[in-house]
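Just follow the structure's listing: the first ligand is 1, and inside any ligand the first atom is 1. Start at 1 with the first residue, then count along the sequence.
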Amino acid sequence: MPTTAHPKTYRVKSFGCQMNVYDGERMAELLAEKGIVPAPEGEEADLVVLNTCHIREKAAEKVYSDIGRLVKAGRLAGKEPLIAVAGCVAQAEGEEIMARAPAVSMVVGPQAYHRLPEMLDRAVAGERATDTDMPPIAKFDALPPRRKSPPAAFLTVQEGCDKFCTYCVVPYTRGAEISRPYKDLVAEAQRLVEAGAREITLLGQNVSAWSGEDAKGRAVGLAGLIRDLAEIDGLARIRYTTSHPADMDDALIAAHGEIAKLMPFLHLPVQAGSDRVLKAMNRSHTAESYLRLLERFRAARPDIALSGDFIVGFPAETEAEFAETLALVDAVGYAQAFSFKYSPRPGTPAATMEGQIAPEVMDDRLQRLQAALNRDQHAFNRASVGRTCEVLVERTGKRAGQWLGKSPWLQSVWFEGEAAIGDLVTAELVGAGPNSLAGKLRETVAA
Ligand code: 5AD
Ligand code: SF4
């Protein structure tokens, strides 16, 4: 490969989960430190980082079509962009990417992206480089301090997963569970607030498994971390995601009733409503134990909004078992949820299980499940009408004077009036659609 000019502009495209969004922001900061600037909207970048997702087949295949598109667009613009593939596809299929896509000069796994600047120098010199090492934590120490933050920021506190659900690639792509140290998280949260964050969402594949030692050397879990972060002046809201039912302890449930800054929202994936399917998935809960757990959260925080993840068409799932998923949805009344067709992932136990389900059966089940979830989301939004609540303003709306923010229950709220991005305003919720609410501005709370 010939040597290339040092890139002047970059674009990071993140796919998949919020942890990738966090990683994408951090990679952008690394590139900015090297004097590379974001490519202007509508212009081809000199360096493109595809921060990929491997969780389902469609997500993984996207990387190859994206590379093709980039090469074509670059050719039209008379340049050959440097392409880096990062994220979980890089981790799982690094060598294959290098073999299949000659346009790619860097492959960097999720635990190695702090080495991106050094790989970039090698790429400019004409070398192709792959780094998919998984040294725990090292990357966080090697990252530059946070300088700018949106009002609602992400903070990765935990990575990896030891649960080995039989359908899931995460334990292979992100590795074993590790918790970032308490003091690093408090320092990063502090800096995020100084950089403009009013809300922080603590992220982890299994965030509820976070553990550490506080400033006094005492063992603390996620609830203790949240309690201490709530002391940061200027930080108004704390959220966390994603949790596993097996790791939800009494302290975290109690925290929802005790810490005002902890928002009344819980994303707790269940995946299915049939105990046979849950067992085959290697989930450690039953439908009944999951429902009992939710009841405890509701007892601690009666207005808590509930969210979940679902998979339809897991191998050998019968119509009657799928009906149990629908019954569970009826029993919970989710405020929102994500649902997916089962996608066999290479190397996972479920991929070779008997009874793989036909695509048209999956389509039909997904449609029925999503109809039920949409119905409940709309009902939850309608039930919010008449509430007056704080809304964190995240961006401007389409019309002049219009703003979009989030309610405590993570609903999108549109309103008009005097406000600015980052304000916490008080609004009355006056109208509800399936995906958002209309608000009427009451007052702006001083920062
Ligand atoms: N097929 C379909 N959905 C999956 N998920 C994880 N692995 C798969 C798979 N192989 C879903 C789960 C998980 C969410 C992040 O993605 O619902 O909670
Ligand atoms: Fe995947 Fe299960 Fe771990 Fe979630 S808990 S990341 S679904 S293995």
Q) With a 6.0 Å cut-off on ring centres, are H114 and F140 close enough? A) no
Q) Does atom CD of E95 have more than 12 heavy-atom neighbours from other groups under 6.0 Å away? A) no
(Q) At under 4.0 Å between heavy atoms, is it the side chain or the backbone of P269 that contacts ligand 2, or both, or neither? (A) neither
Q | Atom indices of ligand 2 within 4.0 angstrom of P171 heavy atoms, with elements | A | 8 (S)
Q: May I ask you to check whether F265 and F297 place their ring centres under 6.0 Å from each other?
A: no
Q: Compute the ring centroids of Y172 and F164, then answer whether they are less than 6.0 Å apart.
A: yes
Q) Where on F164 is there a heavy atom closer than 4.0 Å to ligand 2, on the side chain, on the backbone, on both, or on neither? A) backbone
Q. Which pair of non-hydrogen atoms, one from V104 and one from M98, has the smallest distance, and what is that distance?
A. O-SD, 3.9 Å
Q) For atom 6 (S) of ligand 2, is the nearest protein heavy atom closer than 4.0 Å? A) yes
Q: Report, in ascending order of atom number, the atoms of ligand 2 lying under 4.0 Å from any heavy atom of H244.
A: 5 (S)
**Q.** Within the protein, residues bringing a heavy atom under 4.0 Å of ligand 1, chain by chain
**A.** I55, R56, Y167, Q271, D309, I311, F340, K341, Y342, S343, R345
(Q) Could you go through R218 and E213, starting from their C-alpha distance and side-chain angles, then the distance that decides it, and tell me whether this counts as salt bridge (Lys or Arg N to Asp or Glu O under 4.0 Å)? (A) CA-CA 5 Å; R218 289 175 302 210; E213 262 182 22; over 6 Å; no
Q | R365 and E317 ion-paired at < 4.0 Å | A | yes
Q | Test of ring centre spacing under 6.0 Å for H256 and Y240 | A | yes
Q) Is C168 close enough to atom 2 (Fe) of ligand 2 to have an N, O or S atom under 2.8 Å? A) no
Q) Does the side chain of E199 come within less than 4.5 Å of R239's, by heavy atoms? A) yes
Q: Starting from atom 8 (S) of ligand 2, locate the nearest protein heavy atom and write down its residue, its atom name and how far away it is, to 0.1 Å.
A: C165 N, 3.3 Å
Q. Is the number of heavy atoms from other residues, nucleotides or ligands under 6.0 Å of Q402 CD greater than 12?
A. yes
Q) How far is atom 3 (Fe) of ligand 2 from its nearest protein heavy atom, and which residue and atom name does that atom have? A) C161 SG, 2.2 Å
